[in-house]
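Have a look at the structure below before the remarks.
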2 protein chains.
Amino acid sequence: MVDLREHVHRCGGRMTAQREAIYDVLCAASGHPTAEELFMLVRERVPGISLATVYNTLEMLVNTGLAVKISGEGPARYDTMCTPHGHTRCMHCSTVEDVPDAVVSALGADLSLPAGFIPWSVSVEVKGICAECARQGAEASTDA
Amino acid sequence: MVDLREHVHRCGGRMTAQREAIYDVLCAASGHPTAEELFMLVRERVPGISLATVYNTLEMLVNTGLAVKISGEGPARYDTMCTPHGHTRCMHCSTVEDVPDAVVSALGADLSLPAGFIPWSVSVEVKGICAECARQGAEASTDA
DNA sequence: CTCCGTGCAAATCGTTTGCACACAG
DNA sequence: CTGTGTGCAAACGATTTGCACGGAG
């Protein structure tokens, strides 16, 4: 969580109420919201905001290193945590959770990359079933 | 590369010329083709085939474990190599290459997953610049 | 005053779906 | 024969774009 105004200025951009609201909401969001979800939340604070602005701002945040875009199945999700980490994705409810771990950042060095490939970032995604869905699944099979 | 006819039957499906062609082409493809690319290639062998059939068949192959779907930025790419491995993705030309490595499969155990999360598969993607694009980039800056 | 960022609506792109027919089993 | 897989075209969801205006600097 940095001073957005200062950050934006350093990157040659302008500060707006929309950008502040989007960044605030993204930082405060518990999960890893999609652009649409973020849009819904931000609209409570900036009623007239448009979805395109949310996309624009998110792209700016990603390009300037303040956020990370997690793309995979379905709509992309966004994350502000900028230390290297992986994600889990529930195959049932598609929730994304963080996997803070030094292993992730150390990984790059261990991989035998194609000759000449210049690595920039490593992302790790663990697909599976989240605790919540596993619990419900167990209940369901108990009920049946 | 398995006997597709037998595999499909074991999974309760039917064998068709389209499915055979798609699987053949996917196995023979050097890179990691998108559905669209695959469609173009398969059309040379089965001129009347439809893109929907390519999507259907790919989904079947993925569901039955004969192929892997690599989704991320842009269109999804497909891969037949079924031993655990990671991928590199060039940020410039978006080429996807394989990273065969035991580290990837061993990774799951080392990560501190959220409590209760049941892992199913681990995917690793290294973003960066591929050798080809790096070479061209170097040339370009030399020229300038 | 100058442009960058915005809002809106339409366009685009990848993928899925509904339907009638064909052909594998 | 029976029902699954096919081809087509239309629908769909996520994201991008073009354009004119408004507000930050």
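Hydrogens, waters and symmetry mates play no part in the numbers below; they use all other heavy atoms, side chains included. Below, chains carry the letters A, B, ... as their sequence lines are ordered, and counting in each starts from 1.
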Return the polar atom pairs (N/O with N/O) between nucleotides 10-12 of chain C and the protein under 3.5 Å, or none.
none

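Rounded to whole angstrom, the span from the NZ atom of A/Lys69 across to the C1' atom of D/dT16 amounts to 10 Å. Taking atom CG of residue A/Leu58 and atom C1' of nucleotide D/dT16, one finds them 14 Å apart after rounding to whole Å. Residue B/Ile49 contributes atom CD1, which lies 16 Å from atom P of D/dA9 at whole-angstrom precision. A straight line from CD of B/Glu59 to P of C/dT16 spans 7 Å, rounded to a whole angstrom. Look at CD on B/Glu73: it is 13 Å from P on C/dT15, rounded to the nearest Å. Between the C1' atom of D/dG18 and the CG atom of A/Leu51 lies a distance of 16 Å, rounded to the nearest Å.
Grouping Ile, Leu, Val, Met, Phe, Trp and Tyr by side-chain contacts under 4.5 Å, direct or through others, leaves A/Val68 on its own.
The shortest distance between the side-chain N/O atoms of A/Tyr55 and the OP1/OP2 oxygens of D/dT16 is not below 4.0 Å.
Listed in residue order, the members of residues 9-44 of chain B having a heavy atom less than 4.0 Å from DNA chain C are B/His9, B/Arg14, B/Met15.
Of the candidates B/Glu36, B/Glu37, B/Glu125, B/Glu37 is the only one forming a salt bridge (charged side-chain N to carboxylate O under 4.0 Å, His left out) with B/Arg77. Screening A/His7, A/Glu59, A/Arg10 for a side chain to side chain donor-acceptor pair (under 3.5 Å) involving A/Thr64 leaves a single residue, A/His7.
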Counting only pairs under 3.5 Å, give me each side-chain donor-acceptor contact of residues 17-27 of chain B, with atom names and distances, residues two or more places apart or in other chains.
{"residue": "B/Arg19", "atom": "NH1", "partner": "B/Arg14", "partner atom": "O", "Å": "3.0"}
{"residue": "B/Tyr23", "atom": "OH", "partner": "B/Val2", "partner atom": "N", "Å": "3.3"}
{"residue": "B/Asp24", "atom": "OD2", "partner": "B/Arg45", "partner atom": "NH2", "Å": "3.2"}

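Looking only at atom types and distance, the side chain of A/Glu73 has a donor-acceptor partner in the side chain of B/Ser71 under 3.5 Å away.
Checking C/dT6, C/dT15, D/dG25 against the side-chain heavy atoms of A/Asn56 singles out C/dT6 as nearest. Considering only side-chain atoms of A/Thr53, the nucleotide from C/dG7, D/dA14, C/dT15 that sits closest is C/dG7.
Across all their heavy atoms, A/Phe117 and B/Val126 have their closest contact at CZ-O, 3.7 Å.
Annotation: side-chain hydrogen bond (donor to acceptor under 3.5 Å, both in side chains) contacts of B/His92 (sequence neighbours excluded): none.
Nucleic acid contact for B/Gly74: none, since no nucleic acid atom lies under 4.0 Å from a heavy atom of the residue.
Within the structure, ring pair (Phe, Tyr, Trp, His ring centres under 6.0 Å) pairs that include any residue of residues 30-49 of chain B comprise B/His32-B/His87 (at least two apart or interchain).
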### Message
Run the side-chain contact (heavy atoms from CB on, under 4.5 Å) test on A/Thr16 and A/Thr57 for me, step by step, so that the C-alpha distance in whole Å, both residues' side-chain angles and the decisive distance to 0.1 Å come before the verdict.
### Response
CA-CA 10 Å; A/Thr16 65; A/Thr57 301; over 6 Å; no
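Where B/Arg5 and B/Arg77 meet DNA chain C, the nucleotide closest to each residue was compared, and B/Arg77 sits on the side nearer the 5' end.
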